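Okay, structure first, notes after.
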Amino acid sequence: MSIQTVTTVLTDKETAVSQIEAAASFARTCDAHLQVLALGTGLDQPGVVQGALDAVPISASLEDGMLRAKELAEVAEQELAKEDIRWDVDEVSSLTSSRSNDITRHIRFSDLVIQQRSSDRVAAAHVAQTAETVLFDGDCPLLLLPERHEMSAPPKKVMVAWDESATALRAARLALPLLRRASSVYVAIVDPAKDSPDRSDPGGAFAQFLARHDVKCEVMVLSRTDDTVSQTIERRAQELGCDLVVMGAYGHSRLRQALFGGTTRHMLESAVLPVFLAH
């Protein structure tokens, strides 16, 4: 498996240039085609009376979405005209109710979706919504970059979070093209369960799986020293100088994560390193 098609979804004009630069840089590294979705979402129309008047606000909302999509597409085309990669831009106007369907339809044949987090509250909400759509509805891995961060070369040092879950294994499988090109891969296990099937050799079977895919790794068992597992993993990754963290997303339900927080929620909202996520 290799990464041949990379997609990025533009939803905010203020962060569009930075996100395009990051996605283009990554696509160049993989010699992949970059697909840009310029997604204009029409403004919500709360409190509208049902009936014949519905057509008026819906029409206005669609027009607003079309204008936003056109502006994003123009920015994308101007920036990509400077690049030496294969690319295309798709302009899509969407209503809030159909936003997830529109994203899913355009990423279904992608190998990876790249998004960049934003400090702007509205833009950050769009990124979080897009991330969940990609992971759940699009069934596609997501590379989430910190604000104004780009990966101009294959990651040299990668931390893989391992907890024996199906989501962690799927993330590692989908990240194999990146893991093979890394000079160092670390498998991090935080407080392994005492009744784990491989309690005598934590991570041993997983390391063997990676080795058979030409990925040499070092397994490390970590004690949870921070508030969350994700913080423990990220702190150790920073200490080792890692360029990327690979992990499964939403091992618990989205509702539980939304109510009580969790590893995925923390990474989506505040990770300081690039994170490769898959569900």
Side-chain angles (χ1 to χ4, degrees), residues 5-20 22-23 33-77 79-80 87-118 120-145 174 249-250 253-259 264-265 268-269 277-279:
T5 304
V6 173
T7 299
T8 191
V9 182
L10 302 181
T11 58
D12 184 80
K13 192 174 179 180
E14 297 301 317
T15 59
V17 172
S18 176
Q19 186 166 311
I20 291 167
H33 182 96
L34 175 60
Q35 171 183 273
V36 177
L37 174 58
L39 183 64
T41 303
L43 296 174
D44 292 332
Q45 299 290 336
V48 175
V49 177
Q50 297 296 317
L53 293 179
D54 284 0
V56 175
I58 289 176
S59 175
S61 185
L62 282 172
E63 288 178 4
D64 181 71
M66 290 172 63
L67 178 60
R68 291 167 183 253
K70 183 178 180 180
E71 291 176 344
L72 289 168
E74 288 174 351
V75 172
E77 289 169 353
E79 291 300 314
L80 290 171
W87 57 271
D88 69 84
V89 177
D90 202 353
E91 186 179 321
V92 176
S93 173
S94 177
L95 292 173
T96 303
S97 58
S98 61
R99 188 173 182 274
S100 292
N101 290 336
D102 289 328
I103 293 174
T104 301
R105 179 163 50 89
H106 283 82
I107 68 170
R108 61 183 306 197
F109 297 118
S110 293
D111 299 307
L112 180 66
V113 174
I114 297 179
Q115 296 299 115
Q116 197 169 47
R117 204 170 55 242
S118 172
D120 179 79
R121 184 178 59 83
V122 175
H126 283 159
V127 171
Q129 292 168 5
T130 300
E132 293 197 349
T133 297
V134 170
L135 294 169
F136 283 91
D137 303 323
D139 192 29
C140 186
L142 170 72
L143 177 60
L144 182 64
L145 304 176
L174 293 173
Y250 291 106
S253 71
R254 277 184 285 183
L255 176 60
R256 176 176 170 178
Q257 293 257 352
L259 293 176
T264 307
R265 179 60 59 182
L268 286 176
E269 293 177 351
L277 297 157
H279 179 69

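Bear in mind that the values here come from a model prediction, so they are computed numbers and not experimental data.
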message: Pair Val127, Leu144 - check side chain to side chain contact (heavy atoms under 4.5 Å, CB included), show working.
response: CA-CA 9 Å; Val127 171; Leu144 182 64; 3.9 Å; yes
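Residues Glu91 and Met66 share a closest heavy-atom pair of OE2-O, 4.2 Å. Contact detail for Leu135 and Ala278: the closest heavy-atom pair is CD2-CA, 3.8 Å. What you find for Cys140 and Val113 is that their closest heavy atoms are SG-CG2, 3.8 Å. Scanning both residues, Leu112 and Pro141, for their nearest heavy atoms gives CD1-O, 3.6 Å. Summarising the geometry of Leu34 relative to Ala23, their closest heavy-atom pair is CD1-CB, 3.9 Å, with the distance given to 0.1 Å. Between Gly138 and Ile107 the shortest heavy-atom distance is CA-CD1, 3.8 Å.
Residues satisfying the side-chain hydrogen bond (donor to acceptor under 3.5 Å, both in side chains) criterion with Thr11, sequence neighbours excluded, are absent altogether. Applying the side-chain hydrogen bond (donor to acceptor under 3.5 Å, both in side chains) criterion to Ser18, with sequence neighbours excluded, gives Gln116. Considering only residues two or more places apart in sequence or on other chains, Ala76 meets the side-chain contact (heavy atoms from CB on, under 4.5 Å) condition with Leu10, Ile20, Val36, Val89.
Of the possible polar contacts, none joining the Thr41 side chain to the Thr96 backbone as a donor-acceptor pair under 3.5 Å is found. Checked by atom type and distance alone, the side chain of Asp90 never pairs as donor or acceptor with a backbone atom of Leu37 at under 3.5 Å. Remark: side-chain polar atoms of Gln115 are paired, donor with acceptor, to backbone N or O of Val9 under 3.5 angstrom. Panel note: side chain Gln35, backbone His106; a donor-acceptor pair is recorded below 3.5 Å.
Atom CZ of residue Arg68 and atom OG of residue Ser93 lie 10.0 Å apart, to the nearest 0.5 angstrom. Going from atom OG1 of Thr8 over to atom CG of Leu143 covers 9.5 Å, rounded to the nearest 0.5 Å. Atom CG of Asp137 is separated from atom CG of Asn101 by 7.5 Å, given to the nearest 0.5 angstrom. Annotation: the span from Arg99 atom CZ to Thr130 atom OG1 amounts to 4.0 Å, rounded to 0.5 Å.
Ring orientation note: the planes of His279 and Tyr250 are nearly perpendicular, at an angle over 60° on the 30°/60° scale.
Contact check for Thr104 versus Thr133: side-chain heavy atoms found under the 4.5 Å cut-off. Within the 4.5 Å cutoff, the side chain of His33 has heavy atoms near those of the Asp88 side chain. Annotation: side chain of Lys70 is in contact with side chain of Glu74 (closest heavy-atom distance under 4.5 Å).
Around atom CZ of Arg105, more than 12 heavy atoms belonging to other residues, nucleotides or ligands sit under 6.0 Å away.
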